[in-house]
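A short worksheet on the structure shown next.
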Amino acid sequence: MKAILALENGKTFECESFTGDGFAQGEIVFNTSMAGYQEILTDPSYNGQMILMTYPLIGNYGTNPKDIESDKIQAAAFLVKEYQKKPSNFNSTASIKEYLQKENILGVHSLDTRAVTTAIRKEGAMRAVLSTKGSEKELVEKAKNIPSMQGMDLVKNISTTFCYYLEDNQKIEIDTLSEKVWDKIDTNKKFRVVALDFGIKYNIIRSLENAGCKVLVTPAKTLPEEIKKLNPDGIFLSNGPGDPAALKYIHKNINEVTKFKKPIFGICLGHQILALALGAKTFKMPFGHRGANQPVKNLLTNRIEISSQNHGFAVDKESLEKAGLELTHINLNDNTAEGFRHKTKPIFAVQYHPEASPGPNDTSYLFQEFVSIMKKSCK
């Protein structure tokens with residue numbers, strides 16, 4: 001079935017829908033990963049975006065219930081060069097076509113993904129419309145009228161509305177907040193961590209648990225006094241979508257939380273929110289970092305780490321020093337900030353995803369580092 005991709009700059013591209021009739025809109029971004037497409041589709045950080053995969057063949061290993069990062073597909077649409085109709089993998093329970101159709105997500109192939117990627121690299125991530133109906137002119141006009149990602153609060157749309165802990169990918173709801181809730185969560189784990197959900201990935205929760213933490217996930221709007229009531233050993237700020245600068249109601253809460261003298265660890269959007277709450281600044285990147293092969297230099301160890309990333313905004317390096325923060329990691333492709341720590345408090349954050357394992361496990365040490373900081377703080 002014929003489909004058209006229309007960009008806000010007036011460019012259009014013909015393709016074919018492999019999921020049937022459909023319409024999608026949002027910011028179009030590209031991801032350079034060769035695998036992990038199911039994790040990418042279900043990553044809440046992609047909420048409001050259409051994902052274009054630069055690797056030419058997608059779907060050859062199918063999909064399964066274990067490789068999900070949230071309870072639904074978060075992407076607005078999925079765009080590939082060629083999709084594999086018949087996956088070959090013993091774990092597969094459905095093809096990528098069946099997986100997308102089940103959640104009514106538009107998927108297209110036979111698209112010149114290289115040309116679209118080149119356009120994004122030259123002009124930046126753009127608003128776009130993907131449809132099986134309508135003229136090119138009509139679709140371009142619709143693309144121009146889509147709200148910009150800059151200034152957009154998407155966290156309010158996807159953050160949990162209740163507190164929970166995770167058990168076999170199932171959310172077990174907690175109805176009242178008090179120190180007693182920790183007794184309900186895995187008693188084999190030692191450290192109590194409140195994870196604020198701005199769009200948290202399941203594997204982040206699992207990584208914290210594997211490091212020895214009991215994890216209680218709470219809504220993005222959780223008030224500082226509610227967190228204090230729980231008396232956690234540490235506080236985690238999750239990944240998520242949208243513009244971090246638009247979350248002023250969260251900045252205020254996090255600023256108060258930083259006064260608790262509790263260890264705090266932030267990832268991705270959590271990294272940006274923490275920086276803003278402490279007085280630093282953020283900016284929108286031209287086309288962001290999205291892929292499983294981003295080289296990062298750890299300035300504290302002088303080691304190079306290969307990381308998985310997904311972000312369209314970044315922390316302004318120059319603003320960190322004035323906020324009492326120290327730059328700890330930089331991206332070797334464009335020299336942007338990838339991590340910082342507070343000079344006097346047990347607070348640190350990274351822009352990339354240490355819970356993701358694109359092959360290398362170079363960055364997974366950060367969860368143990370968080371635990372080590374909590375150990376020292378508990379003494």
Side-chain angles (χ1 to χ4, degrees), residues 39 42-44 65-72 74 155-240 250 253-254 256-270 273-274 346-347 353-356 364 366-379:
E39 292 91 334
T42 56
D43 180 350
K66 293 182 179 179
D67 290 343
I68 60 172
E69 290 292 356
S70 65
D71 54 10
K72 66 176 183 177
Q74 301 285 346
V155 171
K156 63 184 179 184
N157 300 332
I158 63 166
S159 177
T160 181
T161 56
F162 57 89
C163 299
Y164 70 89
Y165 62 94
L166 206 60
E167 196 172 274
D168 297 325
N169 276 359
Q170 298 297 313
K171 297 177 181 178
I172 312 300
E173 186 173 351
I174 296 290
D175 50 5
T176 55
L177 291 183
S178 72
E179 276 201 78
K180 292 182 180 179
V181 304
W182 301 110
D183 297 332
K184 299 180 180 181
I185 307 174
D186 194 344
T187 53
N188 294 319
K189 312 297 183 185
K190 183 176 181 181
F191 297 99
R192 309 187 301 193
V193 173
V194 168
L196 285 161
D197 176 22
F198 308 130
I200 197 165
K201 293 169 64 179
Y202 287 168
N203 206 36
I204 285 179
I205 302 173
R206 289 191 289 264
S207 295
L208 287 166
E209 289 173 343
N210 290 339
C213 302
K214 300 181 178 186
V215 183
L216 178 65
V217 182
T218 66
K221 289 185 176 181
T222 304
L223 297 173
E225 51 265 34
E226 293 176 308
I227 295 173
K228 197 168 189 177
K229 193 189 302 181
L230 289 164
N231 190 27
D233 298 312
I235 298 157
F236 177 80
L237 309 183
S238 85
N239 62 294
I250 296 177
N253 289 344
I254 299 305
E256 286 300 311
V257 169
T258 61
K259 298 173 184 177
F260 292 171
K261 298 182 180 179
K262 297 280 187 179
I264 301 176
F265 178 25
I267 285 177
C268 200
L269 183 64
I273 288 172
L274 193 51
I347 295 172
H353 284 267
E355 83 288 348
S364 58
L366 287 160
F367 293 101
Q368 287 298 334
E369 190 168 306
F370 185 38
V371 168
S372 296
I373 293 172
M374 285 190 286
K375 281 181 181 177
K376 291 178 184 177
S377 181
C378 290
K379 288 181 179 179

Self-check item: Between CG on residue Leu166 and CG on residue Leu208, distance to nearest 0.5 Å
Solution: 11.5 Å
Exercise. Under the side-chain hydrogen bond (donor to acceptor under 3.5 Å, both in side chains) rule, collect the residues that match up with Thr160, sequence neighbours excluded.
Key: none
Exercise. Give, for atom CG of Leu274 and atom CG of Leu269, the distance between the pair rounded to the nearest 0.5 Å.
Key: 11.0 Å
Quiz item: CD1 of Ile250 to CZ of Phe198: how many Å apart, nearest 0.5 Å?
Solution: 5.0 Å
Exercise. Hey, could you give me the CG/OG distance between Asp183 and Ser178, rounded to the nearest 0.5 Å?
Key: 8.5 Å
Quiz prompt | Heavy-atom side-chain contact between Leu230 and Arg192 under 4.5 Å | solution = no
Self-check item: Side chain proximity check, Phe367 to Glu355, heavy atoms < 4.5 angstrom
Solution: yes
Quiz item: Do you know the tightest heavy-atom contact between Cys163 and Leu177?
Solution: SG-CD2, 3.6 Å
Name the atoms and distances for all side-chain donor-acceptor pairs under 3.5 Å in residues 213-224, with sequence neighbours left out.
residue	atom	partner	partner atom	Å
Lys214	NZ	Trp182	O	3.1
Thr218	OG1	Thr222	OG1	3.1
Thr222	OG1	Pro219	O	2.6

Quiz item: Looking at Val194, Asp197, Ile204, Leu196, which one forms a side-chain contact (heavy atoms from CB on, under 4.5 Å) with Phe236?
Solution: Ile204
Exercise. Enter the distance from Ile254:CD1 to Ile273:CD1 here, rounded to the nearest 0.5 Å.
Key: 7.0 Å
Quiz prompt | Non-hydrogen side-chain atoms of Thr42 and Ser70 separated by less than 4.5 Å | solution = yes
Self-check item: Ile174 side chain reached by Ile172 side chain, heavy atoms, under 4.5 Å
Solution: no
Quiz item: With a 4.5 Å limit on heavy-atom distance, are the side chains of Asn239 and Asp43 in contact?
Solution: yes
Quiz item: Which residues satisfy the side-chain hydrogen bond (donor to acceptor under 3.5 Å, both in side chains) test with Lys262, sequence neighbours excluded?
Solution: Asn231
Quiz item: Do Tyr202 and Lys171 come close enough that some side-chain heavy atom pair is under 4.5 Å?
Solution: yes
Self-check item: Nearest-0.5 Å distance that lies between atom CD in Gln74 and atom NZ in Lys201
Solution: 11.5 Å
Quiz prompt | Pairs satisfying salt bridge (Lys or Arg N to Asp or Glu O under 4.0 Å), at least one member in residues 223-235, at least two apart | solution = none
Quiz item: Can you name the side-chain hydrogen bond (donor to acceptor under 3.5 Å, both in side chains) partners of Lys184, sequence neighbours left out?
Solution: none
Quiz item: How close do Val371 and Ala211 get, heavy atom to heavy atom, and via which atoms?
Solution: CG2-O, 3.4 Å
Exercise. Output yes when Lys259 and Glu256 qualify as a salt bridge under the 4.0 Å nitrogen-oxygen rule, no when they do not.
Key: yes
Quiz item: Mind checking what makes side-chain hydrogen bond (donor to acceptor under 3.5 Å, both in side chains) contact with Asn210, not counting sequence neighbours?
Solution: none
